[in-house]
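One structure is given here, and the rest of the page talks about it.
Naming: A, B, ... by sequence-line order, numbering from 1 per chain.
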4 protein chains.
Amino acid sequence: MTDAPHRRGADRTEAIMRTTLELGREIGYANLSIEAVAARAGAGKHTIYRRWSSKGALLLDSLLSLNGPGLDYPDTGDVVADLRAQIYAAVDLLAGASFGPLFQALIGEAQHDSRIAAALNERFIAPQADKTVARLKAARDQGQLSPGFDLDLAMAILSGPLYFQLLITQEPLTHEYVDRILDALFTGMGPRPRP
Amino acid sequence: MTDAPHRRGADRTEAIMRTTLELGREIGYANLSIEAVAARAGAGKHTIYRRWSSKGALLLDSLLSLNGPGLDYPDTGDVVADLRAQIYAAVDLLAGASFGPLFQALIGEAQHDSRIAAALNERFIAPQADKTVARLKAARDQGQLSPGFDLDLAMAILSGPLYFQLLITQEPLTHEYVDRILDALFTGMGPRPRP
Amino acid sequence: MTDAPHRRGADRTEAIMRTTLELGREIGYANLSIEAVAARAGAGKHTIYRRWSSKGALLLDSLLSLNGPGLDYPDTGDVVADLRAQIYAAVDLLAGASFGPLFQALIGEAQHDSRIAAALNERFIAPQADKTVARLKAARDQGQLSPGFDLDLAMAILSGPLYFQLLITQEPLTHEYVDRILDALFTGMGPRPRP
Amino acid sequence: MTDAPHRRGADRTEAIMRTTLELGREIGYANLSIEAVAARAGAGKHTIYRRWSSKGALLLDSLLSLNGPGLDYPDTGDVVADLRAQIYAAVDLLAGASFGPLFQALIGEAQHDSRIAAALNERFIAPQADKTVARLKAARDQGQLSPGFDLDLAMAILSGPLYFQLLITQEPLTHEYVDRILDALFTGMGPRPRP
DNA sequence: TAGTAACCGAGACGGTACGTCGTGTCTTGCC
DNA sequence: GGCAAGACACGACGTACCGTCTCGGTTACTA
């Protein structure tokens, strides 16, 4: 009817991904199995394996199919405000009750499966980082940051502590904590030590 | 004969942990199974399950059994040098060819298993962090850092980017990168932005 | 090609039963395990459990798959000769070197597992008994036996001592012994006691 | 204190056998394990293995420890009445609700374990049979039975159908059925067939 | 419009590992 | 020195998924 070229195929793909997220939220990633997704989705296992090579790949696609909108930076002229807005959004996604645990589990999976790691990087992490770096670069070009400002390192200082908290100490990620990091990055930690 | 109190038990425990590391290095964490460890160690599966509740718990203990010495800070009076030395050591352990992949996989496992996460934190992460914070505090008390210096945040800025690189972007962790972070923390990123 | 309806399934079923008998003869029923049958047959354990609920059920089917022909009575007009022929055949099967031990073990198993007992009865014992009773009935109808002749009891007297010898005293079952029982049944034990 | 030479030992032996019967009646022979008996009896496994070589041997001893009195034939002069009394008693024991299932299971076990079979024969079956044969012999010697009366066969005809019913068809054993067999043996089945 | 190829559900299949249970042997320490 | 307690190596249990495969029964393109 519509112009969708592979109607049946796309339907199944979406149904499977939807089921994956649904089931994943219910029973957690560790208990999730392709077998169970197939059963719940009313799909044959083959139909899943035809599309994805592993549980991780399936979840990755499923999660990425969510943020159709994507997180784009507006450039309001205020770097800090822009970064803050964007990081708030990212934190809400990663640490939110809905899909936070699945995101977290997916990053966990990436530690055993380098293909997942690569795909996760390429399709989720890098785009985010690139936008952050681009926004910082714009600020630097406009003279808001010193010419020697290390863009990549700044990005890492903004992201690292958050992922550290998410993955390692497993404490809740709050907006307040984001503020502290932003503050430290742009205001500094205080006078340098005198060795 | 000797004063060894639980000779038989301790013997098996050590043998199993040794085998776990050996086999883990050979075939990787994902392919590691309790069954295989038992077989290789000449132990019954029950003997393993009696001690550890999961593959992750076994690997955690096995890895922690390695650095009996632990990484202690000398206080040379130079905070930056002391931190650098300690972080170098940590990075060499986490990213080293020997056990780096296993450490990484263990952190991955912690994302699906909250008991592993808690144990990992309590027995590996927190002690390290505490020492770092203590060393920073000593420096602050001695006036080498400003009174408002946020110790915990500094620790997070030192650790976060490293774990980010280890777990997320999966790029190699170098001493040079550690230097950049230390530099950024204590020297600053440059003048603050003018919003 | 042919009319075989469930080719793949039937193939595995037969292969598994064949292996069961083969392995059972080699190592005995007590040492037989579903695990070992699966391994020898090149089958997954699940494939066995899908068909049979226990070792006993598997052996029962395997043994029954043997005598496709079955033991049928010809009616030559001579009851005793007909019975003799049929009982000889039964005794040869039950006490034969090939499968006797397995039959015996199966009857043993039936003592702990009432489902086995029921199936064994229904599919092996009862058909045999029915045929014997039918042959006796024909003889009685033709006036070769007295009208009050107790068919069921006669059947029990023909079978009981044989199973007693097989299962309880574990002495070898000979044709000569069958003859003695037949003789006793139809000729009598001698004059009745005078109380 | 008393003259019992191995007081502690005998105590344990009895306690273990008592527990075996108790537990056997509760959960059935198939589910019975030496481990469970030891636990319930508050005994070490070693203490059991020191005395019995297998579950079957333990149960055999336990069951035999029951009928301290034993079943002795009075010789009232009436063979049939004497036999009837004794067989009633045997049937009540073997098919009784209390220990019948355990007896039955033990006979089942004997089919896989020839040591059990031998012991069962020697200590339970043969003594019974011997007494029966002896009683029959006395009757024959007193002229109550014909000189050619086959004592062993008569014993087998008396026992066989009962065990057949107990072990094979698993129908209840009644006194009425015993009567039918006695009747057939001593009164005959009717006129011989004319071949 | 008929044929035909791809896709699909269902699920059988050979595997691997799971976590549990019971075996029979052993070691330890109490009494 | 017998005993309770239970650790130990071992082997099998029955289950769960894996990833591959075969089977028919629809689609939906192609000729």
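- Within 4.0 Å (heavy atoms only), B:A43 reaches sugar-phosphate atoms of the nucleic acid but no base atom.
- Between B:D11 atom CG and E:dT27 atom P there is a gap of 13 Å when expressed in whole angstrom units.
- As rounded to whole Å, 14 Å separates atom C1' of E:dA12 from atom CH2 of C:W52.
- The CZ atom of B:R12 sits 12.0 Å away from the CE atom of B:M17 when rounded to the nearest 0.5 Å.
- Using a 4.0 Å cut-off on heavy atoms, none of the residues of residues 104-120 of chain A approach DNA chain F.
- In this structure, the side chains of A:I116 and A:L59 stay at 4.5 Å or more apart for every pair of heavy atoms.
- Atom C1' of nucleotide F:dC8 and atom CD1 of B:I16 are separated by 10 Å, given to the nearest angstrom.
- For A:R40, no side-chain nitrogen or oxygen approaches OP1 or OP2 of E:dG9 to under 4.0 Å.
- Remark: the backbone N or O of C:E109 is not paired with any side-chain donor or acceptor of C:D113 at under 3.5 angstrom.
- We find that CD1 of B:I48 is positioned 11 Å from P of F:dC8, with the value rounded to whole Å.
- The ring pair (Phe, Tyr, Trp, His ring centres under 6.0 Å) check on C:F99 picks up nothing, with sequence neighbours excluded.
- When the side-chain nitrogen and oxygen atoms of C:T47 are compared with OP1 and OP2 of E:dG14, one or more of them lie within a distance under 4.0 Å.
- Looking at D:Q170 and D:Q104, their side chains do bring a donor and an acceptor atom within 3.5 Å of each other.
- For D:R12 and F:dA4, the shortest distance from a side-chain N or O to OP1 or OP2 is below 4.0 Å.
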Inset, instruction - Between protein and nucleotides 13-19 of chain F, map the contacts as a letter string: B base, S sugar-phosphate only, - none, heavy atoms under 4.0 Å, written 5' to 3'. - result: BBB-SBB
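- Just one of C:L58, C:L102, C:I48 meets the side chain to side chain contact (heavy atoms under 4.5 Å, CB included) condition when paired with C:T20; it is C:L58.
- C:A119 approaches C:L60 most closely through the heavy-atom pair CB-CD2, 3.3 Å.
- Counting non-hydrogen atoms of other residues, nucleotides and ligands closer than 6.0 Å to CZ of D:R115 gives a total of 12 or fewer.
- OP1 or OP2 of E:dC8 lies within a sub-4.0 Å distance of a side-chain N or O belonging to A:R50.
- Side-chain contact between C:L167 and D:Q111 is present, with heavy atoms from C-beta onward closer than 4.5 Å.
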